[in-house]
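Lettering of chains follows the sequences in order, A, B, ..., and the numbering in each one begins at 1.
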Amino acid sequence: MSRRQLYAFILIATGSGYSWLIYSYYSLGNNPKFGVSACIFKDITGIPCPSCGVTRTILTLSKGQVWEALQINPLGILLGVFLLLFPLWIGYDLIRRKSSFLHYYLNAEELLKKKIIAIPAVILILLNWIWNIYKHL
Amino acid sequence: MESQKVDLFLMTHSKYFESYQIPIIREQLLLADDSKFIALQTINFKEPVMMLVVSLLGGHFGIDRFIIGDVGLGVAKLLTCGGVGIWTIVDWFLIMGRTREINYEKVMMILG
């Protein structure tokens with residue numbers, strides 16, 4: 001993937017992420033238990049997917065309730081950090097005409113392809129998924 | 001490389017590439033020396049139709065992207081419920097082309 005493609009993709013993705021969050025914030029109100037399901041898998045099978053609940057996690061996190069956010073879905077915190085960090089990083093790169101984000105992205109991809117990291121990551125995701133199903137997210 | 005060898009390689013591997021890429025690969029193979037042939041045989045090509053099946057079954061979790069090597073996009077797909085379901089459906093149409101593109105990149109990496 002070229003630098004331009006990657007940066008455009010991340011900016012569009014984070015932009016739609018923020019739009020989704022703003023929409024959810026106003027549609028969910030103060031009670032994050034109710035809202036529109038964005039997950040086709042959950043709608044079809046009735047079982048939550050590994051990333052179900054990330055919107056609720058980020059919205060809870062935005063109110064400063066870190067412990068409550070962690071109990072909904074820890075993956076949401078990871079996604080929240082990405083949403084906050086990536087546009088700033090890309091903005092910095094675009095202003096300075098650098099490719100530091102692309103460089104780190106490619107390195108992270110190579111790192112995640114290594115079995116010693118990939119296998120524990122998959123196990124963690126699966127454990128989190130089992131926890132999600134257990135919690136009826 | 002001999003043209004007989006090149007044609008044999010292309011005949012057995014044509015399903016892994018886009019049709020417009022084949023003449024370019026043929027040209028590059030004819031220019032390359034014989035030592036590259038063994039390296040080419042060891043490449044783990046991904047089959048586009050197989051990836052379509054994976055995308056239909058596990059696309060929601062980004063498994064298709066993980067397998068072809070787009071790990072970053074796979075993580076993004078996994079963390080967003082398959083891009084709120086939209087990306088999952090878009091990828092059913094894109095994944096075969098992307099698989100062929102990645103196969104082409106692998107060949108070009110060896111041929112330089």
Heavy atoms only: give me the nearest B/Leu79-A/Val54 pair and the separation to one decimal.
O-CG2, 3.8 Å
As an exercise, state the distance from CD1 of B/Ile89 to CD1 of A/Ile40, rounded to the nearest 0.5 Å.
4.5 Å
If you count the non-hydrogen atoms of other residues, nucleotides and ligands that lie under 6.0 Å from CZ in A/Phe9, is the total more than 12?
yes
Are A/Leu61 and A/Leu79 connected in a single hydrophobic cluster, I mean Ile/Leu/Val/Met/Phe/Trp/Tyr linked by side-chain heavy atoms less than 4.5 Å apart?
no
Which pairs pass side-chain hydrogen bond (donor to acceptor under 3.5 Å, both in side chains) with one or both residues in residues 43-54 of chain A, sequence neighbours excluded?
A/Ser37-A/Asp43
Under a 4.5 Å cut-off applied to non-hydrogen side-chain atoms, are A/Trp20 and B/Thr80 in contact?
no
Is it the case that more than 12 heavy atoms not belonging to B/Glu27 sit under 6.0 Å from its CD atom?
no
I'd like to know if A/Tyr25 and A/Ile22 are part of one continuous hydrophobic network [Ile/Leu/Val/Met/Phe/Trp/Tyr, side-chain heavy atoms within less than 4.5 Å].
yes
Is there a path of hydrophobic side-chain contacts, each under 4.5 Å between heavy atoms of I/L/V/M/F/W/Y residues, joining A/Ile44 to B/Leu56?
yes
Residues of residues 58-75 of chain B under 4.5 Å from chain A (heavy atom pairs)?
B/His60, B/Phe61, B/Gly69, B/Asp70, B/Val71, B/Gly72, B/Leu73, B/Val75
Shared hydrophobic cluster, A/Leu75 / A/Ile133 (ILVMFWY, side-chain heavy atoms < 4.5 Å):
yes
Enumerate, atom names and distances included, each donor-acceptor pair closer than 3.5 Å involving a side-chain atom of residues 116-132 of chain A, sequence neighbours excluded.
from: A/Asn128; atom 1: ND2; to: A/Asn73; atom 2: OD1; distance (Å): 2.9
from: A/Trp129; atom 1: NE1; to: A/Pro48; atom 2: O; distance (Å): 2.7
from: A/Asn132; atom 1: ND2; to: A/Cys49; atom 2: O; distance (Å): 3.2
from: A/Asn132; atom 1: ND2; to: A/Pro50; atom 2: O; distance (Å): 3.0

Proximal to chain A - members of residues 30-55 of chain B, heavy-atom separation under 4.5 Å
none
If one checks every heavy atom of A/Leu78 against chain B at 4.5 Å, the contacting part turns out to be side chain
Tell me whether B/Met108 is reachable from B/Phe17 by hopping between hydrophobic residues (I, L, V, M, F, W, Y) whose side-chain heavy atoms are closer than 4.5 Å.
yes
Which bit of A/Phe41 is near chain B, if near means a heavy-atom gap under 4.5 Å: side chain, backbone, both or neither?
both
